[in-house]
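These notes concern the structure reproduced below.
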2 protein chains.
Amino acid sequence: MPKVTQQHMDARRKQILTAARRCFLRDGFHSTSMQDLFAEARLSAGAVYRHFTSKDEVILAIAEENMRDVLDITLAVATNRPGRSLGAVVAELLNVIRAKSVEEDLAGLAVLVWGEAMRNRSLAGKLDQLMGRIHANLVILVRDHQETGGLPTNVTAEAIASTMLAVLPGYILQVALLDPAAVAEMPYAVRALWPGPAGER
Amino acid sequence: MPKVTQQHMDARRKQILTAARRCFLRDGFHSTSMQDLFAEARLSAGAVYRHFTSKDEVILAIAEENMRDVLDITLAVATNRPGRSLGAVVAELLNVIRAKSVEEDLAGLAVLVWGEAMRNRSLAGKLDQLMGRIHANLVILVRDHQETGGLPTNVTAEAIASTMLAVLPGYILQVALLDPAAVAEMPYAVRALWPGPAGER
DNA sequence: ACAAAGAAAACGAACATTCGTCTTGACGTG
DNA sequence: CACGTCAAGACGAATGTTCGTTTTCTTTGT
């Protein structure tokens, strides 16, 4: 199709990325060959290389998409908080993560991205930045709850926020590895563990 | 060296595994070629293939070694608990993990193993089993603390233990990705968050 | 002298990427 | 309105490289 619009370009790109996602989730980044990707996308080599200059670029695009999803989720949940306890916020985070994992395997892809970040400095930087942003948002929440009571004040808000943040990868790993049903109860636990001052829920 | 003793065999094996560890931490499992490994171990192809029948077997050995390290740590810390609070136990777990990560990069390797487990069913099974064992140990601890007070009883011990367990991978990921100094405070936070009944520490 | 262990070369397979060719739909021209 | 032109998009065989592994030959301790 010559003289094709921008939206056709975007559609192709999305077609490739969707196929890449399936491939990577099935075999991992490096055990997926470009031939696998061509087959999955029902496109030729040339067609794919028109949109991405290398395999690494595809991997990077997928990884960034995944990190953007995670950031969007945390921003949406952590920002929109009508007087909820810290435990309630984290619990909702877990629930949304689980939902997104069931429907599009957010968790599995995240674990793959962590592994890739170990050998890809630029990806590590982006992941670092992602965790930094989530952490910063949690710090604000923690400070609020430290002032209104319900959280210890003899440790820094940063350290407590790091602990909250740490629960997320742990949950993601369990969702990705185990049956998602096996961790269905965890949100209740975090809600109960950090109830906040009496009255909040 | 013909007719060589068992300990020489073991030494060679260890030599190969040590080299493999360095390679994998530098480049990841699949971006490390066997040639890289030969060079790092200062051995020829034949010498390595005498001890391991395939690259996957080397990866598996490294992964199992790492999981055994983690299990040993958790068993040592979770079992030896002279009336400590749950937070204190988890905090010490984090400290030992950080120490082992500084000296031999336990955390970085663990993240690589998680990624590999996504595409290797047998490895996923072993990782599943590892987490199951740690979880079981935590459940016992949690039940104790639920009975003696200090932990909510309106959620199952299993769910609370899952939450404790979730903190570990999160911490490992932060240690592997960020500067270990950046998470040095987290153990204090964990201790403060789950203090147990008054008097324990 | 024997057998085990290591070195080195060499193997085919599989890999990411390129490139020359073909297809196709938009668009100017009559 | 018809149609020839054009260039972009897709194609897929071909390329050169690198991979894991095997095979052959040499060294060496007993």
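Since the model is a prediction, treat every value here as computed from it, not as a measurement. In what follows, every chain begins at residue 1, and chains take the letters A, B, ... in the order their sequences are listed.
You'll find that the side chain of Ala47(B) is closest to dG6(C), out of dT17(C), dG6(C), dG20(D). With distances taken from any side-chain atom of Ala45(A) to the nucleotides dT18(C), dA7(C), dA10(D), the minimum falls on dT18(C). Proximity note for Lys55(A) (side chain, C-beta onward) versus dG6(C), dT22(D), dT17(C): the nearest is dT17(C). In the set dT21(D), dA16(C), dT18(C), the nucleotide with an atom closest to the side chain of Phe38(B) is dT21(D). Looking at the side chain of Tyr49(A), the nearest of the listed nucleotides dT17(C), dA8(C), dG20(D) is dT17(C).
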With the criterion being N/O to N/O and under 3.5 Å, what pairs connect the protein with nucleotides 15-17 of chain D, and how long is each?
none

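The aromatic rings of Trp194(A) and Trp194(B) lie parallel to each other, with less than 30° between the two planes, well short of the 60° mark.
Listed for the His135(A) side chain is no donor-acceptor partner under 3.5 Å among the backbone atoms of Leu165(A). Listed for the Asp36(A) side chain is a donor-acceptor partner under 3.5 Å among the backbone atoms of Ser33(A).
With 3.5 Å as the limit, one finds no donor-acceptor pair spanning the side chains of Gln146(A) and Arg143(A). Using modelled atom types and a 3.5 Å distance limit, the side chains of Ser162(B) and Glu185(A) yield no donor-acceptor pair.
Heavy atoms of Thr53(A) sit nowhere under 4.0 angstrom from any nucleic acid atom. Among the heavy atoms of the strands, none lies under 4.0 Å from Ser31(A).
When rounded to the nearest whole Å, the span between CD1 of Ile16(A) and C1' of dA10(D) equals 11 Å. Residue Asp36(A) contributes atom CG, which lies 14 Å from atom P of dT17(C) at whole-angstrom precision. With rounding to whole Å, His30(B) atom NE2 is found 13 Å from dC15(C) atom P. The distance from atom CG of Leu43(B) to atom C1' of dA9(C) is 17 Å, rounded to the nearest whole Å. Counting to the nearest Å, the P atom of dT18(D) and the CG atom of Asp27(B) are 15 Å from each other. As a whole-Å value, the separation of Arg12(B) CZ from dA4(C) C1' is 13 Å. The CE atom of Met34(B) sits 12 Å away from the C1' atom of dT22(D) (whole-angstrom rounding). Atom CZ in Phe52(A) sits about 13 Å away from atom P in dA10(D), given to the nearest Å.
Heavy-atom contacts from other residues, nucleotides or ligands closer than 6.0 Å to CZ of Arg133(A) number 12 or fewer. Within 6.0 Å of OH on Tyr188(A) lie no more than 12 heavy atoms contributed by other residues, nucleotides or ligands.
A heavy-atom distance below 4.5 Å is not found between the side chains of Met164(B) and Leu93(B).
Ranked by how close their nearest DNA chain C nucleotide is to the 5' end, Gly46(A) and Phe29(A) are led by Phe29(A).
Between Gln35(A) and the phosphate of dA16(C), there is a side-chain N or O to OP1/OP2 separation shorter than 4.0 Å. Between Arg50(B) and the phosphate of dA7(C), there is no side-chain N or O to OP1/OP2 separation shorter than 4.0 Å. Taking only side-chain nitrogens and oxygens, Arg42(B) never comes nearer than 4.0 Å to OP1 or OP2 of dA7(C). In this model, the phosphate group of dC11(D) is approached by a side-chain N or O of Ser44(A) to a distance below 4.0 Å at OP1 or OP2.
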